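Quick notes on the structure that follows.
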Protein chains: 2
Amino acid sequence: MAEQPRGSVTLMDVAARAGVSLATASRALNGSTRRVGDDLRERVLAAARSLNYAANAQAQAMARGRTNVVGLVVHDIADPYFSSIAAGVMEAAEGHQVLVTLGSTLRRPEREVDYLVALRGQRSRAVILAGSRMDDSPVADALRREIDIFENDGGNVVAISQKQLPVDTVVIENRLGARDLATELVGLGYRRFGVLAGPDALLTARDRVHGFREGLGRSGVDLDPAFVVHGAFTRDGGHQAMSTLLDRIGELDCVFAVNDVMAVGAMAAAREHGLEIPRDLGLAGFDDISTLRDVNPALTTVRLPLEKVGATAFELVLSAAERTKPSTRRIKGEVVLRQSTRPSPA
Amino acid sequence: MAEQPRGSVTLMDVAARAGVSLATASRALNGSTRRVGDDLRERVLAAARSLNYAANAQAQAMARGRTNVVGLVVHDIADPYFSSIAAGVMEAAEGHQVLVTLGSTLRRPEREVDYLVALRGQRSRAVILAGSRMDDSPVADALRREIDIFENDGGNVVAISQKQLPVDTVVIENRLGARDLATELVGLGYRRFGVLAGPDALLTARDRVHGFREGLGRSGVDLDPAFVVHGAFTRDGGHQAMSTLLDRIGELDCVFAVNDVMAVGAMAAAREHGLEIPRDLGLAGFDDISTLRDVNPALTTVRLPLEKVGATAFELVLSAAERTKPSTRRIKGEVVLRQSTRPSPA
DNA sequence: TCTCCGTAGGAATGCGCTTCCACGATAGAC
DNA sequence: GTCTATCGTGGAAGCGCATTCCTACGGAGA
């Protein structure tokens, strides 16, 4: 029953085997406004089954003029921040007959544009840009331009992070989260802060620094710019930035790393330097990466529901057709105090 | 210069604007055996640029009879094991004009078959099955059957993990790695072992347990089956399995978790139980997940070059055309002793 | 019995592109 | 100088499918 002509089975093969026309076979398999008689439909389905027919998605896309492909562009899929978002997207996509094409810029944000072009070539119905926006006008302009073209082609674009582009956006409240964190840390009695700030051009990093400074300011605490050290948004970046800070560590009582991955690097650097956390120094991160929840001492951080972020982005993709104006969803973080900062004085 | 008709620009638009035929426009843009005169080629390229032309990949796929899409199917993209492999794949794909479609089975291995069908519909030129094979005949049979069909359609399949299917495979030497680890642990003086074994049906987990037992055996040490606890292949699985073991922890001096993620969960469980590692108990993992390298105490583990695994898989995809027989690449792990086990007696 | 309408099935068209084939022109061989 | 390769170009077929349009058929109403 499962004879298999060499090469792909086409709808014509199915139709021939069922003894019906192409049109009928198509209608039987995909449903349509038109109805197909029960006997014929059965014949077609049986034929398709026995031939292991899988409709050629390219041909369907051509005929229908649309695809079921969604692009997901991240900066680094190995980074748990992005892989969590990706997991959220994949889970939301489950059962929606959508295929997700993954793009990884390898931390070169200008490559987002290349992926946008490639995904336009695929006639993707949407693309999710998961990475932080940059403070880099040439790149941003090129991206904006390419987004226009993509949308003009009928595609939908969803950004995650900052509302910087006129597209559907899942805004992550970095500023607010960092502000809350600062407030809590001051509440714990910390006063002299250092910040491992990430790349300055990365708006996610910058927003967190700004928010943190703002939160300190509201509590009447100053952040000395000399104690704000920039570095890569990675474990090694955190390690390195922390090492820089360690020269003057005596003047500090708490360090905020703008993400957990950096915080872990910083923790290692502190340990190598003989510092004990939180006894000698408080340390806080951002994101609450689940893989990192078991580091010891446990990181005080700002919890971001990253999988939900991904899922929300995907929902925006699905519902895009019903909207004419870009929509914004805000996702808030929640401060989680753990052992990497001293216990509450209460 | 950048006027943009609404909807997609087609090759016909480009040809018309350049005042040449469709055939010439196609040849100028994509190269071909036939050459196009310099002046005409320039005209075509200029037209394409000014119209923001991006070739319809679906149409190209139809006409050419092949695509540049490669599928990557993992069990859970949020798991650092898989996201590292994915990163390796993405990096290797860089610059090869290949688009990667991501599939996530959400830890339901039977869904691999569904993805295979979907990717066959896309006429993917290859698919990488990154997850462990299972000891589950119905599922394995269905998979084998679908792989046959996929390959008969001209696609190439690459598996990562066990050589269990007649396809190109990146074999991970789980057994060997676990054996070496056992030897080293015995060398450190440990004698009474417990194992957090993961799901029994998962061959990766099972191989590691077998290898570990084998290694112990070679050193004349027995592994009491009562101390082999199965559980999920996740952090929580490790935590839970460890909790089970903790009742009889007095009889053990070292625990091997079959992957790092479980080891970290186990470490948390031990800590909650008041045990100090490595003073009260040695603990070892497997994989050497980079995100987890900074846990404290640092994990003794078996380092797997996961990004290289992904990259190797991708290379197999690229070189598939030149082979007729399935090829196998073996990737070995390397024992890394760290602070979660006691220092060498030497 | 005849006409009209609703319906199921089939033929034909077109989606955007690659590529085979044909054609004319130019260059090289005799 | 004519004859045959060679090369650049255009024409047109066809990839696999959805869909529109058309036809044939059958039942209901007159």
Side-chain angles (χ1 to χ4, degrees), chain A residues 5-45 47-48 51-68 97 120-125 153-154, chain B residues 5-44 47-48 51-69 97 120-125 153-154:
Chain A
R6 45 166 272 85
S8 297
V9 179
T10 72
L11 186 57
M12 221 168 59
D13 300 328
V14 175
R17 174 177 250 261
V20 301
S21 73
L22 251 137
T24 302
S26 171
R27 291 194 271 249
L29 288 169
N30 303 311
S32 89
T33 45
R34 303 277 309 266
R35 255 196 9 212
V36 174
D38 290 341
D39 47 341
L40 283 196
R41 188 198 355 274
E42 261 323 308
R43 286 232 303 276
V44 171
L45 293 180
L51 291 172
N52 294 313
Y53 173 70
N56 183 323
Q58 325 288 341
Q60 290 193 139
M62 288 226 58
R64 293 206 253 245
R66 66 199 150 74
T67 66
N68 60 340
Q97 295 285 82
R120 174 156 64 94
Q122 295 289 330
R123 300 299 184 265
S124 291
R125 66 187 245 202
D153 267 27
Chain B
R6 45 169 271 86
S8 298
V9 179
T10 73
L11 186 59
M12 223 168 59
D13 300 329
V14 174
R17 173 178 251 262
V20 301
S21 74
L22 224 62
T24 301
S26 171
R27 291 194 272 251
L29 287 169
N30 302 311
S32 93
T33 44
R34 325 244 356 114
R35 255 198 5 217
V36 174
D38 290 343
D39 49 340
L40 285 197
R41 188 198 358 274
E42 260 323 308
R43 287 230 303 275
V44 171
L51 292 171
N52 293 314
Y53 173 70
N56 184 324
Q58 326 287 341
Q60 287 187 318
M62 286 224 60
R64 294 206 253 245
R66 65 199 149 74
T67 66
N68 60 340
V69 172
Q97 295 285 81
R120 175 157 62 95
Q122 295 289 329
R123 300 296 185 267
S124 290
R125 70 187 239 200
D153 267 27

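Residue numbers start from 1 in every chain, and the chains themselves are labelled A, B, ... in the order their sequence lines are given, proteins ahead of strands. Fair warning: this is a prediction, and the values are worked out from it, not measured in the lab.
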Fill in the blank from the handout: Assert: residue with more 5' nearest nucleotide on DNA chain D, out of B:Ala59 and B:Gly19, is B:Gly19
Problem - Closest nucleotide among C:dG16, C:dA11, D:dC17 to the B:Asn56 side chain - result: C:dG16
Handout entry: Listed nucleotide nearest any side-chain atom of B:Val36, set C:dA11, D:dT9, D:dG10
Key = D:dT9
Handout entry: Distance, rounded to the nearest Å, where A:Leu29 contributes CG and C:dG9 contributes C1'
Key = 15 Å
Problem - B:Val9 and its side chain to side chain contact (heavy atoms under 4.5 Å, CB included) partner, picked from B:Val14, B:Asn56, B:Asn52 - result: B:Val14
Practice task
Working to the nearest 0.5 Å, report the span between OG1 of B:Thr67 and CE of B:Met62.
Solution key: 12.0 Å
Exercise for the section: Go through C:dG16, D:dA12, D:dC17 for me and flag the one nearest to the A:Ala55 side chain. Expected result: D:dC17
Problem - Side-chain N or O of B:Tyr53 closer than 4.0 Å to phosphate OP1/OP2 of C:dC17 - result: yes
Fill in the blank from the handout: Atom CZ of B:Arg64 and atom C1' of C:dC20 are separated, to the nearest Å, by 16 Å
Handout entry: Euclidean distance, atom CZ of residue A:Arg66 to atom P of C:dG16 [Å, nearest integer]
Key = 15 Å
Handout entry: Phosphate-side-chain proximity, A:Asn30 and D:dA18, N/O vs OP1/OP2 below 4.0 Å
Key = yes
Practice task
Please evaluate the base of C:dG16 for a donor-acceptor partner in the side chain of A:Arg123 within a cut-off of under 3.5 Å?
Solution key: no
Handout entry: Length of the CG-P vector between A:Leu40 and D:dC25, whole Å
Key = 16 Å
Practice task
Report yes if at least one side-chain N or O of A:Ser21 is closer than 4.0 Å to OP1 or OP2 of C:dG10; otherwise report no.
Solution key: yes
Practice task
Tell me what B:Gly37 touches on the nucleic acid: a base, only sugar-phosphate, or nothing, going by heavy atoms under 4.0 Å.
Solution key: sugar-phosphate
Practice task
Any chance you could measure A:Arg66, atom CZ, to A:Arg123, atom CZ, to the nearest 0.5 Å?
Solution key: 15.0 Å
Handout entry: Nucleotide nearest A:Gln60 (side chain, heavy atoms from C-beta), chosen from C:dG16, D:dT9, D:dA18
Key = D:dA18
Handout entry: Between C1' of D:dG8 and CG of B:Asp38, the distance in whole Å
Key = 12 Å
Fill in the blank from the handout: Whole-Å distance, A:Met62 CE to D:dC15 P, equals 14 Å
Exercise for the section: Report the distance from atom CZ of B:Arg43 to atom OG1 of B:Thr24, rounding to the nearest 0.5 Å. Expected result: 10.0 Å
Practice task
Give a yes/no answer on whether the side chain of A:Thr24 brings an N or O atom under 4.0 Å of OP1 or OP2 in C:dG10.
Solution key: yes
Handout entry: Heavy-atom check, side chain of A:Arg41 versus side chain of A:Leu45, under 4.5 Å
Key = yes
Exercise for the section: Could you tell me whether the side chain of B:Leu11 reaches within less than 4.5 Å of the side chain of B:Tyr53, counting heavy atoms only? Expected result: yes
Practice task
For B:Leu22 and C:dC20, give me the distance from atom CG to atom P, rounded to whole Å.
Solution key: 16 Å
Exercise for the section: Give the rounded distance in Å between these two atoms: CZ of B:Arg43 and P of D:dG8. Expected result: 16 Å
Exercise for the section: Would you mind classifying the nucleic acid contact of A:Ser26 as base, sugar-phosphate or nothing, using non-hydrogen atoms under 4.0 angstrom? Expected result: base
Exercise for the section: Answer with yes or no whether B:Arg27 presents, from its side chain, a donor or acceptor under 3.5 Å of a partner atom in the base of D:dG10. Expected result: yes
Exercise for the section: Look at all strands and tell whether A:Arg35 reaches a base, only sugar-phosphate, or nothing, counting heavy atoms closer than 4.0 Å. Expected result: sugar-phosphate
